[in-house]
Number of protein chains: 2
Amino acid sequence: MSDVARRAGVSRATASYVLNRTPGARIPEQTRARVLEAAEQLRYVPHVSARSLRRGRSDLVVGHVDGTAVLRGGLSFVTLIQVARDVREAGYTFLIHGDPTVTGIPAARSWLALRPAAVVATLDRYTEDSVAMLAEAGTVPIALSHTPSDLTATVVIDDGDLGRTAAQHLLDRGCRRIVVLGGCSRLVDRQTLGHRMDEAEAAAEAGGAETRRVPFSPDRETAADLVRTWLADGTLPDGVVGATTTHAAHILTALVDAGVRVPEQVAVLAADDEPQAELVRPRLTTVSADLAADESRMADAVLAALEGRWDPELAVRRLPARLVPRDSA
Amino acid sequence: MSDVARRAGVSRATASYVLNRTPGARIPEQTRARVLEAAEQLRYVPHVSARSLRRGRSDLVVGHVDGTAVLRGGLSFVTLIQVARDVREAGYTFLIHGDPTVTGIPAARSWLALRPAAVVATLDRYTEDSVAMLAEAGTVPIALSHTPSDLTATVVIDDGDLGRTAAQHLLDRGCRRIVVLGGCSRLVDRQTLGHRMDEAEAAAEAGGAETRRVPFSPDRETAADLVRTWLADGTLPDGVVGATTTHAAHILTALVDAGVRVPEQVAVLAADDEPQAELVRPRLTTVSADLAADESRMADAVLAALEGRWDPELAVRRLPARLVPRDSA
DNA sequence: CTGAAAGCGCTTACAG
DNA sequence: CTGAAAGCGCTTACAG
């Protein structure tokens, strides 16, 4: 900036004023133009660290996602990307810190080294201690979760409708013995899936169906074993909701391989909609989270938090669910 | 740090020496311990911007990936994650800048605002101008690509073996009319897929098979149309290599739906290995990029670049391909 | 309207 | 061995 000022024949202060369009500083158009031209010629790029060091606050927002988790494409990642875009539009710099190994205090330390205005991370990255540490340092800790939390400001991604819609469709078809498959065991499931399966279970029960919740890891052997057990025990359900397209596709394939007719004997659908639903036979009926139709602006909540106002009402993203009828249910 | 120094009863300089373990500064063990304890009690976190502002160089490396592209899980993203891990282990701070909208000079500007030591981005984010701008500012521009480039230091992810292995398997089965499906049209394909399909085509031709390269977008209608055309024109191939599991799965499903026997009439396999290969019937034979078996340490190349030495030899990641035989070829 | 000056949090030659 | 001082690139009251 010194170079720019020198070239424009003004002081550094003046250069700063025009480059920042500081409100309240009336600079003659002539001078303004000279500074801008000098900046252009020298390809001036402001030094954000110096700026925020001086200002005492930064315009940096750091998101934290585990790179490998990203590949599973959970809703929290999708939401984070959208938040990133909106936060950038509001003039902040959004950077992703992806070290998968840190959580709690060590995570807070590595975020704080950057002195960001806020950090947005999945709820499991925070502890009571680390939230306090961040707040004390003036960094707003924002969590992403599928359920509310009072640990800190939390953006709630409510995917319950996916499960309810799925269960309701089975009930409407007349299913009376419903299996709710997956979304109950591992931490990963909880993070990626939220509580859609809890809701599916509740809805199926409320609808009067005999309902079972079954843990499931989506692979060929598990699916084949499960179907074998059902057949041996005579506990074949007449409807199955899979937590993801992959869950549902595996059980569907295993059923067909075992000679069970889908959907006549067992109707199968997924509380989720991935392209592979088209690839299995019969084609898999799914429930889609209609992100495009989603009106909630998560970023508004995040931006509010950045300015010290946190409105939990704003921060709930209720995902609209839409049935995508195909052939399996 | 002033607080820490005061609490430990030493000067800020001394505090800095012990906190940074500055080599050549002999501080008595007593003093050291006092400083460390004070830092612990005050939960001191160094301010990286202040440090790099003073030092004139930063330990920041920024990666640039488009968040939505990430979800497609291309090899460049997987590689970037691994580079990130290694770069972090070497003591750098690795941050991801994911603004999908910028490229060329605007991208360079937004990276430079952070004054990083290096940036790692897919080749298409760079232009001649932006590379020069970065270099001039002392930031090392590193590209990720599937083919070499002399624009700047480039990490080459060579996925050619995937295509060769796939084609060779079809040749070994006796296929003489081979279709190489996809990986030729859109920029996206190029980025995600590299040149595996070029190599598949070359290998099939070299093996004496009549070879056709066919553009393909992996959806149901396109697949059905293509199969219909083949049947109508009498141009049904006896072997198909799909660019991805999804490509191959769609054509496989369309063939089966049309009453074609797979693999007897047409053998199908993917130059790629995704879990859904297990879900289609017949199960899809694939070729897996054995990342775990890959010995190349991309980070060595990147770290060398950071220190001003760039060794193109180090920077080629030749992905080992392994056939995963299932039922479709 | 414009400039000189202080200071953000750090590091590092340089004196003591 | 330890401290006082300068300075990285910027912003912003404060004087002129």
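Each chain gets a letter, A, B and so on, in the order the sequences are listed, and its residues count up from 1.
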Engineer: Nearest heavy atom decides the nucleotide; on that basis, is A:His47 or B:Thr31 closer to the 5' end of DNA chain D?
Structural biologist: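 Of the two residues, B:Thr31 wins.
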Engineer: Does B:Ser11 put a side-chain nitrogen or oxygen below 4.0 Å from OP1 or OP2 of D:dT2?
Structural biologist: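 For D:dT2, OP1/OP2 do not have a side-chain N/O of B:Ser11 under 4.0 Å.
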Engineer: Parallel, tilted or perpendicular: which describes the rings of B:His64 and B:Trp111, with under 30° parallel and over 60° perpendicular?
Structural biologist: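 Plane angle over 60°, so perpendicular.
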Engineer: What is the distance from CE of A:Met1 to C1' of D:dC8, rounded to the nearest Å?
Structural biologist: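 Answer to the nearest Å: 14 Å.
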Engineer: CG of B:Asp3 versus C1' of C:dC10: gap in Å, rounded?
Structural biologist: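 Rounding to the nearest Å, CG of B:Asp3 and C1' of C:dC10 are 13 Å apart.
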Engineer: Run A:Arg32 and A:Glu29 through salt bridge (Lys or Arg N to Asp or Glu O under 4.0 Å) and show every step you take.
Structural biologist: CA-CA 5 Å; A:Arg32 254 179 56 79; A:Glu29 191 48 49; 3.3 Å; yes
Engineer: Can you tell me if B:Ser2 touches the phosphate of C:dG9, counting only side-chain N or O atoms and a distance under 4.0 Å to OP1 or OP2?
Structural biologist: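 Negative; the distance criterion is not met.
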Engineer: Mind calculating the distance between CZ (A:Arg55) and P (D:dA13) to the nearest angstrom?
Structural biologist: 11 Å
Engineer: In whole angstrom, what separates B:Asn20's CG from C:dT12's P?
Structural biologist: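 Going from B:Asn20 (CG) to C:dT12 (P), I get 7 Å.
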Engineer: Could you tell me the Watson-Crick or G-U partner of C:dG3, where both distances fall under 3.5 Å? Say none if there is no partner.
Structural biologist: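 Looking at the geometry, C:dG3 pairs with D:dC14.
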Engineer: Picking from C:dG9, D:dC1, D:dG3, which would you name as closest to the side chain of B:Pro28?
Structural biologist: D:dC1
Engineer: Looking at B:Ala15 and B:Ala5, what are the two nearest heavy atoms and their distance?
Structural biologist: CB-CB, 3.9 Å
Engineer: D:dT11, OP1 or OP2 - any side-chain N/O from A:Arg51 closer than 4.0 Å?
Structural biologist: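 Checking D:dT11 against A:Arg51, a side-chain N or O does come within under 4.0 Å of OP1 or OP2.
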Engineer: Please report, rounded to the nearest Å, how far the C1' atom of C:dC10 is from the CZ atom of B:Arg57.
Structural biologist: 13 Å
Engineer: Kindly compute the distance separating CG (A:Leu112) from OH (B:Tyr44), expressed to the nearest 0.5 Å.
Structural biologist: 12.0 Å
Engineer: Return whichever of B:Ala50 or B:Thr14 has its heavy-atom-nearest nucleotide of DNA chain D closer to the 5' end.
Structural biologist: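 So the residue in question is B:Thr14.
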Engineer: Output the single nucleotide from D:dA6, C:dG3, D:dT11 whose closest atom is nearest the side chain of B:Arg12.
Structural biologist: D:dA6
Engineer: Are A:Arg51 and A:Asn20 packed together at the side-chain level, in the sense that at least one heavy-atom pair is separated by less than 4.5 angstrom?
Structural biologist: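 Result yes, sub-4.5 Å side-chain heavy-atom pair found.
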Engineer: Indicate whether OP1 or OP2 belonging to D:dC10 is found under 4.0 Å from a side-chain N or O atom of A:Tyr44.
Structural biologist: yes
Engineer: When you get a sec, tell me which of C:dG3, D:dG3, C:dC10 is the closest nucleotide to the side chain of A:Tyr17?
Structural biologist: C:dG3
Engineer: Tell me the interatomic distance from A:Arg54, atom CZ, to D:dG7, atom P, rounded to whole angstroms.
Structural biologist: 18 Å
Engineer: Whole-Å distance between D:dG9 C1' and A:Leu42 CG?
Structural biologist: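 The answer, rounded to whole Å, is 15 Å.
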Engineer: Using heavy atoms to find the nearest nucleotide of DNA chain C for B:Leu53 and B:Ala13 separately, return the residue whose nucleotide is more 5′.
Structural biologist: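 Looking at DNA chain C, the more 5' nearest nucleotide goes with B:Leu53.
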Engineer: Once you round it to whole Å, what is the distance between P of D:dC8 and CZ of B:Arg115?
Structural biologist: 14 Å
